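First comes the structure, then the notes that go with it.
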Amino acid sequence: MTIAVHATEPVTAVPLVLLHAFPLDSRMWQPVAERLPDEVPVVLVDAPGFGGTTAGAPGLEELAVEVVSAVRALGVEQAVVAGLSMGGYVAMAIADAAPGLLAGIGLLSTKASADPEPARAARLEMVTAIERGEREVALGMLDKLLGETTRETRSAVVEELREQLREAPLAGLVWAQRSMAERPDRIAALAALPDGLPALVLRGAEDVLMAPEDAEAMAEALGVEVVEVAGAGHLTAIEDPDAVATALTDLYRRATA
Ligand code: MLT
């Protein structure tokens, strides 16, 4: 397994580490990153099999360990770690394995619960379809990744995402689906984080992949209120980068105050 870490060198303050969704790569954070104030040192990570990295054995836990050592290799002891969807699963694996790294945690468009059996089976079906030679399996996700408002009114966002789904690397898709299928419930890991740890739980009001109850459960475990983004579906960071940048800036300032 390899990961790619993109940092503004040198990182002299607590960085904001942004972990991407499936089946995208770290480029999905660009619209948010360019809206963040200069005071926020951004570190982007590509998961195994994405952004030109190699996949290797599945496991979000191994990825969490890699991210923690990559952050420490930048010369910092703590980071604000935020992930969207699959990236949120990785942030929660970090909360479980290395809570001391966290100066704050951001969980966007994600959930702490493990997959029910039908969802696990659907992930492994995608792996089988890829092994059968299907090349564009990720394209079928388009309608569920974007909210109705985006699909109806933001054609540039729709077309850009369609291109990224078409190009989604097969090794990454396989690695991620196998890794996500194995992940455990992490609500206890969130509840065990220090009281008052700065946290953000954010969801798009039109998200059909993550239920409001999922966001409520994480928010309750972390002692915060859910931030809901109107007019956005699952991929909040590309559907409404202004709202996501504002929420992440607020998290970062609370975490570094
Ligand atoms: C994502 O956006 O990362 C995925 O929808 C997460 C998942 O498949 O559970």
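Note that the numbering runs from 1 along the sequence shown for the chain. Read the numbers this way: they start at 1 and go in the same order the structure lists the ligands and their atoms. Owing to the predicted nature of the structure, the values given are computational and were not obtained by experimental measurement. Computed from heavy atoms alone, side chains included, the values below leave out hydrogens, waters and symmetry copies.
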Quiz item: Using a distance-only test with no angle check, is there a side-chain donor-acceptor pair under 3.5 angstrom linking Ser85 and Ser109?
Solution: no
Provide, line by line, the atom pairs where ligand 1 and the protein bring an N/O atom each to a distance under 3.5 Å; else say none.
residue	atom	partner	partner atom	Å
ligand 1	2 (O)	Phe22	O	3.2
ligand 1	2 (O)	Ser85	OG	2.8
ligand 1	2 (O)	His234	NE2	2.7
ligand 1	3 (O)	Phe22	N	2.7
ligand 1	3 (O)	Ser85	OG	2.9
ligand 1	3 (O)	Met86	N	2.8
ligand 1	5 (O)	His234	NE2	3.4
ligand 1	8 (O)	Arg123	NH1	2.9
ligand 1	8 (O)	Arg123	NH2	3.4
ligand 1	9 (O)	Tyr89	OH	2.6
ligand 1	9 (O)	Arg123	NH2	2.7

Practice problem: Say whether Leu146 and Leu139 are linked into one hydrophobic cluster, either directly or through other cluster members, by side-chain heavy-atom distances under 4.5 angstrom. | Solution: yes
Exercise. Apply side chain to side chain contact (heavy atoms under 4.5 Å, CB included) to Ala13 and list each qualifying residue two or more places apart in sequence or on a separate chain.
Key: Pro41, Tyr252
Quiz prompt | Heavy-atom pair with the smallest gap, counting every atom of Gln177 and Arg123 | solution = OE1-NH1, 2.7 Å
Quiz prompt | Short N-O contact, Arg186 and Asp96, less than 4.0 angstrom | solution = yes
Quiz item: Is the shortest side-chain N to carboxylate O distance from Arg162 to Glu159 below 4.0 Å?
Solution: yes
